[in-house]
Amino acid sequence: MNESARRPRSEDRTTDGRTTDGRTTDGRTPDGRTPDGRTPDGRTPDGRTPDGRTLDGRAERGRQSRVKIAEAVLSLLDEGESSFPAERVAERAGVSRRLVFHHFADMSELVETAITRRLEQLIEQIRPLPTAGPRDTRVTALTEQRARILEWITPAQLTLMRLETPGGRVAEVTREVLDLARARLAEIFAAELERLPAARRTEVLYGLDAVTTWGAWYHWRSSGLSAEAATSTMETAVHALLATTDQPGTSS
């Protein structure tokens, strides 16, 4: 097969650069693996660390079992399940119920681990977007990416809302996601925001943040809007906020 046949065509990519099978511009799969099969932390497919060391066999098998069990919860979550009986999780993971509780103290710990894993996967999906060029292009790229990610994360977010006391790692990753998303907005719309005085700039940035995060997305979707209509609504809201930067002397 020649090189041109292997390379995805530009029309087979989404606005944020992903191919139709979910791979990023650098060839990573949706779960963050590189084209040669390495995991996001640099491990090779056979479990070797970046410096070539192999992990203790028992420890590695334990790690793989924990990941498999957490992924089983996520697969049920993606199918619309709202509860995760140990027997069902064990069956989906292909392990015994005893092994589930060998790796996790209780189901609450397991669900928190799975939610944390999903949030970490979300961070991996926030790929670079254009920071220069026509505003329309930047807004469209942003809203397409955010809409796809927010729709995908909705089952995990709803489960997270049901947790009485989310663990520290869940809170930490959630904050990391929110901070990263806001920082990306500041980069993408730097040309517009820099026209404003500092206080006004902060107001507009946080307004952009509010209409491009999950709270707004869930409000629109639960109000009956389709994913396409919610995306269009987000795009309209972003344009409206950015329009205020065209006349920085006007009041909010």
Side-chain angles (χ1 to χ4, degrees), residues 21-24 27-126 148-178 180 214 218 221-222:
D21 64 356
R23 289 181 179 269
T24 62
R28 289 183 180 272
T29 60
D31 64 357
R33 288 183 176 271
T34 60
D36 62 359
R38 289 182 179 270
T39 61
D41 61 359
R43 299 186 192 282
T44 61
D46 63 359
R48 290 180 178 272
T49 59
D51 60 3
R53 292 183 292 107
T54 56
L55 298 177
D56 173 76
R58 181 178 298 178
E60 176 61 11
R61 286 193 297 274
R63 186 191 69 82
Q64 291 177 356
S65 291
R66 284 180 61 88
V67 169
K68 184 188 297 184
I69 294 167
E71 288 291 349
V73 171
L74 292 178
S75 71
L76 293 171
L77 191 69
D78 291 338
E79 293 172 8
E81 297 288 341
S82 58
S83 61
F84 310 97
E87 294 78 6
R88 185 84 185 280
V89 172
E91 179 184 3
R92 178 61 60 93
V95 301
S96 67
R97 185 178 187 278
R98 181 190 63 79
L99 191 61
V100 171
F101 290 108
H102 172 74
H103 289 294
F104 300 94
D106 52 35
M107 294 306 292
S108 177
E109 180 188 343
L110 169 54
V111 171
E112 286 191 5
T113 299
I115 296 299
T116 301
R117 181 168 176 80
R118 177 51 52 89
L119 291 171
E120 291 170 341
Q121 291 170 344
L122 184 154
I123 292 175
E124 294 166 5
Q125 292 197 43
I126 303 177
R148 173 176 54 78
I149 291 175
L150 295 173
E151 185 73 5
W152 172 76
I153 200 67
T154 290
Q157 283 291 131
L158 293 175
T159 298
L160 180 58
M161 290 170 64
R162 291 194 295 270
L163 296 179
E164 293 184 3
T165 53
R169 180 57 181 161
V170 171
E172 179 184 341
V173 177
T174 298
R175 175 50 54 194
E176 185 179 348
V177 168
L178 294 174
L180 176 59
W214 186 78
Y218 181 63
R221 294 287 280 122
S222 61

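The analysis underlying the following values was restricted to heavy atoms, covering all of them including side chains, and did not include hydrogens, waters or symmetry mates.
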Next item on the list: Would you kindly say whether R221 and T154 are connected by a side-chain donor-acceptor distance under 3.5 Å?
Entry: no
Next item on the list: Report yes if the side chains of V67 and R117 come closer than 4.5 Å at any heavy-atom pair, otherwise no.
Entry: yes
Note to self: For a quick test of reading the model, state the closest non-hydrogen atom pair linking V95 to I69 and the distance between them.
What the structure shows: CG2-CG1, 4.1 Å
Checklist line | Nearest-0.5 Å distance that lies between atom CZ in F104 and atom OG1 in T113 | finding: 4.5 Å
Margin query: Rounded at 0.5 Å granularity, tell me how far CD1 in I153 sits from CG in L158.
Written below: 10.5 Å
Notebook entry, point to check: Pick one: which of E60, R61, R66 meets side chain to side chain contact (heavy atoms under 4.5 Å, CB included) with R63?
Noted result: E60
Margin query: How close do E109 and H103 get, counting heavy atoms only, and between which atoms?
Written below: OE2-O, 4.3 Å
Margin query: Within this structure, what is the CG-CZ distance for the pair L77 and R118, rounded to the nearest 0.5 Å?
Written below: 6.5 Å
Check: If you measure from OG on S96 to CD on E91, what distance do you get to the nearest 0.5 Å?
Finding: 13.0 Å
Item checked: Exercise: identify the closest heavy-atom pair between A105 and F101 -> O-CD2, 4.1 Å
Margin query: Minimum heavy-atom separation for P85 and M107, please, with both atom names.
Written below: C-CE, 4.3 Å
Next item on the list: First locate atom CD of E151, then atom OH of Y218, and finally report the distance between them rounded to the nearest 0.5 Å.
Entry: 11.5 Å
Checklist line | NZ/NE/NH1/NH2 to OD/OE distance under 4.0 Å, E71 and K68 | finding: no
Next item on the list: Before giving the answer on side-chain contact (heavy atoms from CB on, under 4.5 Å), spell out for F84 and V111 the whole-Å C-alpha distance, their side-chain angles and the decisive distance to 0.1 Å.
Entry: CA-CA 8 Å; F84 310 97; V111 171; 3.9 Å; yes
Check: Considering all heavy atoms of both residues, which atom of V89 and which atom of A72 are nearest to each other, and what is their separation?
Finding: O-CB, 3.8 Å
Next item on the list: List the atom of A114, the atom of L74, and the distance in Å for their closest heavy-atom pair.
Entry: O-CD2, 3.4 Å
